[in-house]
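Note sheet for the following structure.
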Number of protein chains: 2
Amino acid sequence: MAFENLTSREKRVLQNLICHYIQTADPVGSRVIANKYRMGLSSATIRNTMQDLEEMGLISQPHTSAGRIPTDSGYRIFVNTLLKQEPLTDSEKKYIKSIVNQGGKRIDIVLSQTSKILGDITSLLGISISPRFEEGVLTRMNLVPAAEGKIFVIVAVKSGLARSILMEIESDFSPNELRHFEDVLNERLSGLTLGQIRRTISERLADTDLSPRLVKLFVDARTNIWSDKDTTQIHATGTGNLIKQPEFADRETLLSIINILEDKKELIEFIDSKSLVEGIIITIGNENPIDEIKNCSVVTSKYQVGKISGTIGIIGPTRMPYSKLISIVEYTAKSLTDTLS
Amino acid sequence: MAFENLTSREKRVLQNLICHYIQTADPVGSRVIANKYRMGLSSATIRNTMQDLEEMGLISQPHTSAGRIPTDSGYRIFVNTLLKQEPLTDSEKKYIKSIVNQGGKRIDIVLSQTSKILGDITSLLGISISPRFEEGVLTRMNLVPAAEGKIFVIVAVKSGLARSILMEIESDFSPNELRHFEDVLNERLSGLTLGQIRRTISERLADTDLSPRLVKLFVDARTNIWSDKDTTQIHATGTGNLIKQPEFADRETLLSIINILEDKKELIEFIDSKSLVEGIIITIGNENPIDEIKNCSVVTSKYQVGKISGTIGIIGPTRMPYSKLISIVEYTAKSLTDTLS
DNA sequence: TTTTAGCACTCTAAAGTAGAGATTGCTAAA
DNA sequence: TTTAGCAATCTCTACTTTAGAGTGCTAAAA
């Protein structure tokens with residue numbers, strides 16, 4: 001879609017229309033654009049331009065005698081070519097930083113604070129997910145007997161993060177046996193990423209003097225120990241903000257987004273998929289893979305903890321103040337990266 | 001409030017009124033009770049009785065020309081003296097058991113499944129919180145170096161449960177030092193409940209050859225290590241079910257409950273406070289300490305993992321099918337206890 | 001060729017009106 | 001003590017009306 005060939009007038013009309021609609025949530029008429037935005041043209045002329053924009057599929061009319069509202073494509077053009085990023089004030093920056101810092105270095109608390117601050121200052125839904133260990137480089141593993149038939153498996157990666165999994169081992173292995181196994185694991189696996197380990201664990205433990213039963217146990221549990229499945233956490237704060245938006249006045253619409261938020265799995269997968277890309281990602285309306293949020297836009301950015309990364313962002317109706325949000329999400333991600341390093 | 005002196009007719013009218021209202025959510029008129037419930041009395045007589053019940057504060061009229069709806073006190077009488085518990089069918093039992101079992105022995109998954117099944121079969125909000133370690137008897141502690149300046153503290157209690165806390169220790173202590181510390185901790189603390197440890201840790205580590213810095217670190221962190229603060233998890237599933245209820249048609253009402261669900265802290269405290277009482281607890285409307293759920297009722301039961309216990313239950317509008325819910329919550333708690341033992 | 005004024009037309013949203021229906025409380029009779 | 005009957009009250013729904021906003025088209029102006 002080559003929309004670069006919009007005339008400068010068309011661009012200005014589209015821009016003003018979107019700006020106004022974002023503020024008011026009401027369909028925008030030609031008179032408003034002509035007068036309030038002082039374009040030096042009559043409403044009739046604006047009307048003609050609006051007709052052109054509608055033919056291009058960038059704006060549409062809810063009904064005959066209403067003004068126009070932007071379509072997803074309209075927002076897309078706006079975001080790609082018309083939008084001027086609105087910088088944060090110093091006090092805003094300070095505020096964000098202070099909240100993000102409130103959890104010390106405890107990553108789960110920091111992430112919860114982050115989703116909270118994002119939700120609060122955007123008045124939308126703030127999102128944060130825990131970092132992907134998948135690309136983390138293993139520094140050390142520990143196997144700690146916790147109770148009968150259970151051990152804690154501790155996995156530490158290079159950036160100073162670690163996590164633990166409680167694992168069932170039906171039969172009791174002797175402490176010595178476990179210690180030896182631990183040694184071999186560390187010897188053979190440290191320095192590799194968790195992803196590499198998961199994919200190759202079977203071969204790497206093939207020619208050893210280890211108990212085959214123990215090896216099998218760990219090979220079978222490889223997706224639990226060395227991947228992010230079931231471990232990735234998502235924080236979503238500000239559901240109330242969404243409820244207040246007129247876009248969610250309809251019960252059905254509200255219901256579907258609430259269900260998606262509760263389910264989490266699908267949402268985690270979607271948000272997580274953005275953690276590898278650099279910079280801000282904006283996904284508008286129909287561009288979202290999840291049906292239930294096809295009337296929403298999502299603005300995300302990745303953050304880093306050493307070598308591994310996660311994603312934060314916001315979700316809200318497509319009618320959102322993109323120019324401000326980009327700055328907010330960007331700066332929050334930066335603050336988060338700073339805090340966690 | 002001695003309401004036992006209700007006449008048998010008053011009791012029957014109240015009972016029928018509540019039954020009908022629970023099903024329809026519409027104010028119930030005297031005609032309905034007279035005809036549908038075949039009380040052998042005219043509507044005029046019922047009307048007189050209803051006036052009496054209203055004077056006692058058990059039912060009320062939304063407006064002059066409407067039927068009556070139960071008040072919180074009305075529900076209370078109903079629950080205390082009129083309600084007949086409705087037993088579960090075999091297939092219902094089977095279904096609950098199968099879902100609760102789906103997580104194997106992994107307690108977090110089992111609890112998440114439990115809140116899900118509760119939400120699903122009641123069409124309300126299912127709740128489950130993790131068990132209180134507070135009363136658990138320590139079997140063993142492990143200190144495992146995880147990264148520079150960080151150790152994993154693993155606390156295992158008698159019932160076979162364990163949990164881990166990632167702890168910051170600014171300065172580096174030698175592995176030997178830590179191992180010695182670990183030995184002393186186990187020697188002096190195992191056999192005590194976590195609550196006892198938290199309250200007396202300071203004295204118990206007083207006369208030792210341990211590094212005072214290390215001791216101070218652990219004494220300072222005692223509420224993190226030996227209590228449930230920040231560790232108790234809550235699962236709440238079925239927000240969508242609440243949204244569908246007519247009681248939450250009003251945006252404000254909906255908003256306040258959503259906020260409470262998101263905040264979690266207050267809710268955890270409230271639900272957790274019920275984990276010590278045996279049997280089903282029903283809290284109706286205004287009896288709830290949290291303002292935001294004063295139009296809701298809460299039905300809970302504790303479950304056990306060995307010696308330590310947690311709580312599950314449901315939240316919904318005061319107009320809920322108590323007689324069925326009691327059986328559901330009761331049986332689910334029993335299944336959960338079975339699964340986790 | 002482009003822009004604008006003017007106007008008929010369309011549609012929504014809000015306000016007002018009317019009528020049906022439900023339920024009550026009271027009274028007087030059974 | 002119970003019931004039939006009835007006026008009174010209030011809600012809810014449907015319908016009508018009105019005001020207002022905005023469009024699209026046409027013809028004139030620039």
Side-chain angles (χ1 to χ4, degrees), chain A residues 5-14 16-21 23-71 74 246-247 249-250, chain B residues 6-14 16-21 23-71 74 246-247 249-251:
Chain A
N5 43 18
L6 287 178
T7 66
S8 90
R9 173 180 301 167
E10 285 164 346
K11 285 184 186 169
R12 277 167 60 215
V13 169
L14 180 62
N16 291 335
L17 185 144
I18 291 183
C19 285
H20 195 264
Y21 182 66
Q23 286 163 34
T24 62
D26 277 329
V28 187
S30 51
R31 257 179 62 95
V32 174
I33 294 184
N35 297 341
K36 189 175 163 195
Y37 291 92
R38 314 212 159 261
M39 294 192 60
L41 292 168
S42 75
S43 67
T45 310
I46 305 292
R47 228 157 22 240
N48 290 330
T49 308
M50 282 166 83
Q51 254 173 335
D52 297 341
L53 289 171
E54 180 157 20
E55 265 167 40
M56 286 186 266
L58 303 182
I59 58 180
S60 72
Q61 271 182 301
H63 58 260
T64 327
S65 73
R68 305 298 211 295
I69 61 178
T71 62
E247 278 86 351
D250 173 42
Chain B
L6 286 180
T7 66
S8 91
R9 174 181 300 168
E10 284 165 347
K11 284 184 188 170
R12 276 168 60 217
V13 169
L14 181 60
N16 290 334
L17 186 143
I18 291 183
C19 283
H20 196 264
Y21 183 65
Q23 286 163 35
T24 63
D26 277 328
V28 187
S30 52
R31 256 179 62 93
V32 175
I33 294 184
N35 297 339
K36 191 175 161 193
Y37 291 90
R38 313 210 157 264
M39 293 192 61
L41 293 167
S42 75
S43 65
T45 311
I46 305 291
R47 235 171 358 255
N48 291 329
T49 309
M50 283 166 81
Q51 250 173 337
D52 296 340
L53 289 172
E54 180 158 18
E55 264 167 40
M56 287 185 262
L58 303 183
I59 57 179
S60 73
Q61 272 183 299
H63 55 81
T64 327
S65 72
R68 305 296 211 296
I69 61 178
T71 63
E247 279 85 351
D250 172 42
R251 285 282 261 289

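The structure presented is a predicted model; accordingly, all values stated were derived computationally and were not measured. Below, each value reflects all heavy atoms present in this structure, side chains not excepted, and no hydrogens, waters or symmetry copies. Proteins get letters first, then strands, A, B, ... in listed order; numbering begins at 1 in each.
- Side-chain nitrogen and oxygen atoms of Arg68(B) include at least one within less than 4.0 Å of the OP1 or OP2 phosphate oxygen of dT24(C).
- Distance check, rounded to the nearest 0.5 Å: CG of Leu53(A) to CZ of Arg68(A) gives 8.5 Å.
- Side chain of Ser43(B) to main chain of Ala34(B): no donor-acceptor pair is present (N/O by atom type, distance under 3.5 Å, no hydrogens or angles).
- For DNA chain C, no neighbouring residue in residues 24-33 of chain A is found when judged by any heavy atom under 4.0 Å.
- Applying the Watson-Crick and G-U wobble criteria (two distances, each under 3.5 Å), dA30(C) pairs with dT1(D).
- Atom CD in Gln51(B) sits 8.5 Å away from atom CD in Gln61(B) (nearest 0.5 Å).
- A straight line from CG of Leu41(A) to C1' of dT3(C) spans 8 Å, rounded to a whole angstrom.
- For the atom pair Arg31(A) CZ and Ser42(A) OG, the distance stands at 11.5 Å (nearest 0.5 Å).
- Rounded to an integer number of Å, the gap from CG of Asn48(B) to P of dT24(C) is 11 Å.
- Of the side-chain N and O atoms in Gln61(A), none sit less than 4.0 angstrom from OP1 or OP2 of dT10(C).
- Proximity of Arg9(A) to the phosphate of dT3(C): a side-chain N or O atom is located under 4.0 Å from OP1 or OP2.
- Considering every non-hydrogen atom in both His20(A) and Lys36(A), the closest pair reads CD2-NZ, 3.3 Å.
- If you measure from atom CE of Met50(A) to atom P of dA21(D), you get 16 Å, rounded to the nearest angstrom.
- Side-chain atoms of Ser30(A) do not come within 3.5 Å of backbone N or O of Ile46(A) as any donor-acceptor pair.
- Rounded to an integer number of Å, the gap from CD of Gln51(A) to P of dT23(D) is 9 Å.
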Between the protein and nucleotides 5-11 of chain D, which nitrogen or oxygen pairs come in under 3.5 angstrom?
residue	atom	partner	partner atom	Å
dG5(D)	O6	Arg47(B)	NH2	3.3
dC10(D)	O2	Ser65(B)	OG	2.8

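- Annotation: side chain of Leu14(A) is not in contact with side chain of Glu10(A) (no heavy-atom distance under 4.5 Å).
- Atom CD1 in Ile69(B) sits about 16 Å away from atom C1' in dT24(C), given to the nearest Å.
- Summarising the geometry, the separation between CG on Asn35(B) and P on dA4(D) is reported as 11 Å, rounded to the nearest angstrom.
- The CE-P distance, from Met39(B) to dT2(D), rounds to 11 Å in whole Å.
- Between Met39(B) and Thr45(B), every side-chain heavy-atom pair lies at or beyond the 4.5 Å cut-off.
- Nearest heavy atoms, Gly74(B) versus Ile18(B): O-CD1, 3.7 Å.
- Between the NZ atom of Lys36(A) and the P atom of dA21(D) there is a distance of 16 Å, given to the nearest Å.
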